[in-house]
*Asks:* 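This is the structure, below, for whatever I ask next.
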Amino acid sequence: MSVLVNKDSKILVQGVTGSEGTFHAEQMIEYGTNVVGGVTPGKGGTEHIGVPVFNTMAEAVKETGGDVSIIFVPPPFAADAIMEAADAGIGVIICITEGIPVQDMVKVQAYLADRDCRLVGPNCPGVMTPGEAKVGIMPGFIHNPGKVGIVSRSGTLTYEAVDQVTKAGLGQSTCIGIGGDPIVGTTTRDAVELFMNDPDTNGIILIGEIGGSMEADAAYWIKENGTKPVVGFIAGQTAPAGRTMGHAGAIVGGAEDTAAAKMEILRECGIHVVESPAFIGQKMLEVLTKEGLV
Amino acid sequence: MNLHEYQAKELLAGYGIKIQRGLTAETADEAVEAAKKLTEETGTGWHIIKAQVHAGGRGKGGGVKLAKSLDEVKEKAGEIIGMQLITPQTSAEGKLVSTVLVAEDVYYPGESETKEFYMSVLMDRTTGKNVIIYSTEGGMDIEQVAEETPHLVQKEHIDPGVGMLPFQSRKIAFNLGLSGQAFKEMSKFVSKLYKAFVGLDASMVEINPVLKTSDEKIIAVDSKLSIDDNALFRHKDIAEMRDKREEDPTEVEAGSYGLNFIKLDGNVGCMVNGAGLAMATMDIIKLAGGSPANFLDVGGTADAKRVEQAFRIILKDPNVKAILINIFGGIVRCDRVANGVVDAYKNIGDINVPIIVRLQGTNADIAKKIIDDSGLEVHSAILLKEAAEKVASLI
């Protein structure tokens with residue numbers, strides 16, 4: 001079992017004919033993901049990397065029954081692509097694009113508020129359910145089907161955690177890269193909630209970073225509602241205040257959004273915090289073993 | 001991207017916002033000419049000389065001075081231009097002032113008392129909505145006001161669907177205790193400021209103080225404006241206003257290579273792919289007993305050319321005693337990165353600090369062999385744990 005995507009998901013790739021879209025869609029197909037089509041305005045009616053291309057998302061959904069989309073559209077047009085997917089009735093929209101203007105995302109968030117869909121990202125590596133569906137840009141081979149759910153704001157740091165979990169002899173139910181922007185569709189708390197409700201997830205790894213209050217919100221929710229062990233790590237203990245550390249959302253604005261403050265809140269809420277990112281997998285194994293969940 | 005006060009005022013004036021007018025000068029003589037011209041245009045008697053640097057608290061550091069005559073304009077401008085301005089927001093060395101803004105005096109006496117307010121607009125991350133923050137306590141450090149008298153700092157969230165509504169600007173003007181002509185002026189000021197915030201794709205605009213003059217006008221006396229870097233593609237004119245002198249030269253150089261680099265004051269340099277892993281690598285360095293000398297995200301294509309550029313950037317810092325390269329090869333193959341590291345090392349030639357290369361992911365074992373067989377003073381690691389131990393043993 002898994003959350004968000006599985007072997008039955010019908011994936012549409014927005015921006016499929018671009019270089020990023022082409023490369024990663026091919027990798028997804030190679031992994032065995034059920035990619036049913038792509039959209040590039042003006043290239044409808046053609047075929048690309050073995051899947052049909054449509055002009056609009058509405059047409060693509062009608063013809064293929066697609067229910068998940070992944071977006072590789074350049075930043076100036078990405079917000080529009082998200083809203084087009086929502087309008088076409090897509091249930092899970094995964095936006096990989098990095099560099100979308102914040103004011104565009106303010107509009108997207110308002111547009112999605114009363115629609116029945118979930119956005120993951122933007123500026124994220126995507127969602128991976130090992131052995132079933134790779135809907136993103138992550139390397140497939142480091143994953144192993146299993147029972148650990150991973151939520152993270154980062155790309156390569158997520159791969160690091162995945163790799164450690166796999167090397168510890170465990171596997172992943174689903175890995176959700178929620179993205180490094182100030183406004184993201186699925187928050188840390190949303191992802192944690194999905195994992196808590198997933199019968200086949202036994203433990204959760206929560207990887208956060210400086211900036212914003214998403215990790216604290218998730219921690220307070222876990223304290224009230226948590227039923228599974230959670231291992232946490234917050235990146236950026238040495239980040240200076242007021243500087244944007246690569247991710248647009250990774251900036252210390254006040255005393256509450258430093259790594260130290262977040263780690264403290266996580267600890268208070270019963271989360272197993274590791275100070276070093278080298279011990280994420282090991283800690284998860286330890287905790288699951290102790291609780292008899294391996 | 002941050003802008004200077006004079007650039008921000010120019011942009012805000014484009015939205016019909018009343019500003020304290022002024023002219024820029026780079027020498028004391030130019031300042032006198034600017035002052036004469038400004039008096040002709042505005043009738044101002046006195047002038048304010050304001051240092052143009054990207055840092056708040058300029059007044060506290062002696063970067064803002066009142067001149068009551070043209071002789072004083074020359075004297076004060078001469079003092080400020082060329083000075084290393086130290087404020088609570090600059091480093092200990094301060095910032096070199098190369099330009100001043102010669103501004104009109106807007107605190108002239110009149111029928112009513114002048115009054116200062118605070119106003120800013122930014123995106124509130126907890127709600128995903130834009131918010132106007134305002135206070136009757138203008139001209140002061142707003143963080144201090146928020147700490148000591150939180151009830152005096154008020155917020156108005158804006159619905160993204162409909163934008164700012166007239167009742168909201170009226171509410172703000174009433175809450176600031178205004179009436180009559182000043183009330184009308186403030187309502188207009190607020191709605192224009194919000195339009196400017198959205199129209200300019202600002203990440204923050206802060207006016208402190210907003211002044212009610214003795215003749216009931218509402219004026220932006222200072223202005224701080226930063227623009228969302230991700231939106232600069234649709235503001236080419238603003239992108240050209242970037243003043244690279246205000247930024248760290250090494251960071252500017254790194255940016256020109258497409259490297260995301262931030263200079264820090266530690267002793268272990270690092271080179272990483274991905275921002276999250278880069279921050280985590282800095283944390284590892286600290287836990288190993290060192291201190292990170294930089295943040296550096298080389299991005300997705302860690303080829304020989306980029307690795308060499310990154311090496312050269314890191315090695316400019318004399319405090320660097322070791323360099324940790326941490327690459328998680330997913331799509332990018334580790335053996336390619338390893339060859340890149342070896343080539344870059346040989347091209348540079350005189351690297352005198354130990355290098356630890358941790359390559360994990362696709363072909364990590366082949367990569368480790370390439371590093372180990374290179375004969376260079378490069379230590380290899382596969383697990384993050386091993387890399388941390390090597391850092392600890394080398395410093």
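Below, chain A is the first sequence line, B the second, and so on; all start at residue 1.
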*Asks:* Please identify, among A:A239, A:G211, A:A113, the residue contributing the most non-hydrogen atom pairs under 4.5 Å to chain B.
*Replies:* A:G211
*Asks:* Name the region of A:I207, side chain, backbone, both or neither, that has any atom closer than 4.5 Å to a heavy atom of chain B.
*Replies:*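 Neither part; nothing is under 4.5 Å.
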*Asks:* Between A:G236, A:A110, A:G155, A:P139, which shows the greatest number of heavy-atom pairs under 4.5 Å with chain B?
*Replies:* A:G236
*Asks:* So, for B:I284 and A:P277, which heavy atoms are closest and what is the spacing to 0.1 Å?
*Replies:* CG1-CG, 3.5 Å
*Asks:* Name the member of B:A280, B:A202, B:A231 that forms the most heavy-atom pairs with chain A at distances under 4.5 Å.
*Replies:*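 That would be B:A280.
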*Asks:* Less than 4.5 Å to any heavy atom of chain A: does that hold for the side chain of B:M123, its backbone, both, or neither?
*Replies:*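 The side chain, not the backbone.
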*Asks:* Using only distance, no hydrogens or angles, which N or O donor-acceptor pairs sit under 3.5 Å between chain A and chain B?
*Replies:*
| residue | atom | partner | partner atom | Å |
| --- | --- | --- | --- | --- |
| A:V102 | N | B:D228 | OD2 | 2.7 |
| A:Q103 | OE1 | B:N130 | ND2 | 2.9 |
| A:Q103 | NE2 | B:N130 | OD1 | 3.0 |
| A:D104 | OD1 | B:R234 | NH1 | 3.2 |
| A:D104 | OD1 | B:R234 | NH2 | 2.7 |
| A:D104 | OD2 | B:R234 | NH1 | 3.3 |
| A:Q109 | NE2 | B:T127 | O | 3.4 |
| A:T156 | OG1 | B:N273 | O | 2.7 |
| A:E160 | OE1 | B:R358 | NH1 | 2.7 |
| A:E160 | OE1 | B:R358 | NH2 | 3.0 |
| A:E160 | OE2 | B:R358 | NH2 | 3.2 |
| A:D163 | OD2 | B:Q360 | NE2 | 3.0 |
| A:G236 | N | B:D283 | OD2 | 2.9 |
| A:Q237 | N | B:D283 | OD1 | 2.7 |
| A:Q237 | N | B:D283 | OD2 | 3.4 |
| A:T238 | N | B:D283 | OD1 | 3.4 |
| A:R243 | NH1 | B:E251 | OE2 | 3.4 |
| A:R243 | NH2 | B:E251 | OE1 | 2.7 |
| A:G249 | O | B:R125 | NH1 | 2.8 |
| A:G249 | O | B:R125 | NH2 | 2.9 |

*Asks:* Mind checking whether B:F295 and A:P240 have side chains closer than 4.5 Å, heavy atoms only?
*Replies:*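 Of all side-chain heavy-atom pairs linking A:P240 with B:F295, none is under 4.5 Å.
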*Asks:* Highest number of heavy-atom pairs under 4.5 Å with chain B: which of A:P75, A:G180, A:G246?
*Replies:*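 Option with the top pair count is A:G246.
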*Asks:* List the atom of B:G329, the atom of A:F141, and the distance in Å for their closest heavy-atom pair.
*Replies:* O-CZ, 4.4 Å
*Asks:* Highest number of heavy-atom pairs under 4.5 Å with chain B: which of A:A259, A:G140, A:G212?
*Replies:*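 So the answer, after comparing A:A259, A:G140, A:G212, is A:G212.
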*Asks:* What part of B:F328 gets within 4.5 angstrom of chain A, counting heavy atoms only: side chain, backbone, both, or neither?
*Replies:*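 Both backbone and side chain of B:F328 come within 4.5 Å of chain A.
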